[in-house]
There are 2 protein chains.
Amino acid sequence: MSYSIAEAASRSGLTAHTLRYYERDGLMLAGVDRSASGHRRYTERDLTWIELITRLRATGMPIREVRKYADLVRTGDGNEAERLALLVAHRERVEAQLAEVTAHLRAIDHKIGIYEGKVEQARTSA
Amino acid sequence: MSYSIAEAASRSGLTAHTLRYYERDGLMLAGVDRSASGHRRYTERDLTWIELITRLRATGMPIREVRKYADLVRTGDGNEAERLALLVAHRERVEAQLAEVTAHLRAIDHKIGIYEGKVEQARTSA
DNA sequence: GTCGGACTTGGAGTGCACTCGAAGTCAAGC
DNA sequence: GCTTGACTTCGAGTGCACTCCAAGTCCGAC
């Protein structure tokens with residue numbers, strides 16, 4: 001079972017453009033298979049990999065670092081500790097940012113509360 | 001009490017470049033005061049405002065929309081309901097994104113768990 | 001056999017948010 | 001009165017991550 005780039009795009013939520021761009025940029029583990037006519041054929045493994053790098057991207061990992069991770073996985077032998085370190089460092093950054101965003105959000109919520117009071121007051125005194 | 005652009009930068013965590021850029025781009029409520037020599041003088045009110053827009057930016061609000069909000073506040077009269085709507089819409093986007101990032105993070109954590117197992121296994125069998 | 005549509009490539013273009021550079025002004029200290 | 005350093009403006013440059021375009025190929029359907 002394999003998928004055309006359009007199918008891979010719809011399954012991954014990325015665009016075909018982005019899939020080609022990722023491949024060109026070294027984010028895939030290997031060149032994607034080709035049909036006799038030269039069209040890309042995505043395997044389940046490709047899609048699983050794309051799902052992972054989509055998660056990394058969606059949590060703010062730069063393309064550069066996703067590539068570094070892909071390089072490690074591609075090398076394939078005993079660099080699991082290195083991969084682990086990269087992912088753990090990423091997790092810590094993401095957690096820190098979640099905390100920061102949450103704190104900002106609380107402050108914005110406070111502001112919203114003030115406006116709600118004002119708007120309500122305007123409504124009842126009208 | 002007022003502050004030079006360098007002081008405002010260090011108090012806000014932005015750079016002087018960014019402060020000028022924000023002003024140019026219509027993010028400030030009014031032109032910042034100037035000294036006799038034409039240097040900017042930031043008031044406490046300016047800094048309070050900068051703190052708010054920094055929170056909006058840090059939670060992912062585009063410059064464009066911060067400007068829209070600033071425009072509303074600048075107009076100043078009875079558009080509180082509109083400001084409220086803008087902030088509430090933003091809050092909902094941020095909350096949705098927090099949930100999404102958290103979900104991705106959990107999946108990445110799962111991956112980390114797998115690597116931890118592998119690395120531990122490699123360590124003990126060595 | 002020709003048409004439409006999905007694909008290919010390489011390279012250029014876009015949008016966002018800064019970030020920097022050049023050239024000039026100004027006040028204070030030596 | 002000259003240097004130093006912080007400021008000014010305007011406009012150009014940067015980095016990131018796509019996003020799009022042009023020109024071409026290929027395949028299945030009519």
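Values below: all heavy atoms of this structure, side chains included; hydrogens, waters and symmetry mates excluded.
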*Would you confirm whether D25(A), through its side chain, and Y22(A), through its main-chain N or O, come within 3.5 Å as a donor-acceptor pair?*
no
*What integer distance in Å separates H17(A):NE2 from dC20(D):C1'?*
5 Å
_Of the listed nucleotides (dA6(C), dT9(D), dC7(D)), which one gets closest to any side-chain atom of A6(B)?_
dC7(D)
*Indicate yes or no for a side-chain donor-acceptor contact from T18(A) to the backbone of L14(A) under 3.5 Å, with no hydrogens or angles considered.*
no
*Could you say whether Y22(A) or R40(B) is positioned toward the 5' end of DNA chain D, judged by the nucleotide with the nearest heavy atom to each?*
R40(B)
*Base, sugar-phosphate, or nothing for S4(A), non-hydrogen atoms under 4.0 angstrom?*
sugar-phosphate
*At under 4.0 Å between heavy atoms, what does R20(A) touch on the DNA or RNA strands: base, sugar-phosphate, or nothing?*
base
*Counting side-chain heavy atoms from C-beta on, which of dT19(D), dC18(C), dC16(C) comes nearest to Y21(B)?*
dC18(C)
*Kindly point out which of dC16(C), dC18(C), dT8(D) is positioned nearest to the side chain of R64(B)?*
dC16(C)
_Closest to side chain of S37(A), choosing from dC20(C), dC26(D), dC7(D)_ = dC26(D)
*Could you tell me how the ring of Y69(B) sits relative to the ring of Y115(A): parallel (under 30°), tilted (30 to 60°) or perpendicular (over 60°)?*
perpendicular
*Polar side chain donor-acceptor pair, H90(A) to T59(A), under 3.5 angstrom*: yes
*When all nucleic acid strands are considered with a 4.0 Å heavy-atom cut-off, which category describes R41(A): base, sugar-phosphate, or nothing?*
nothing
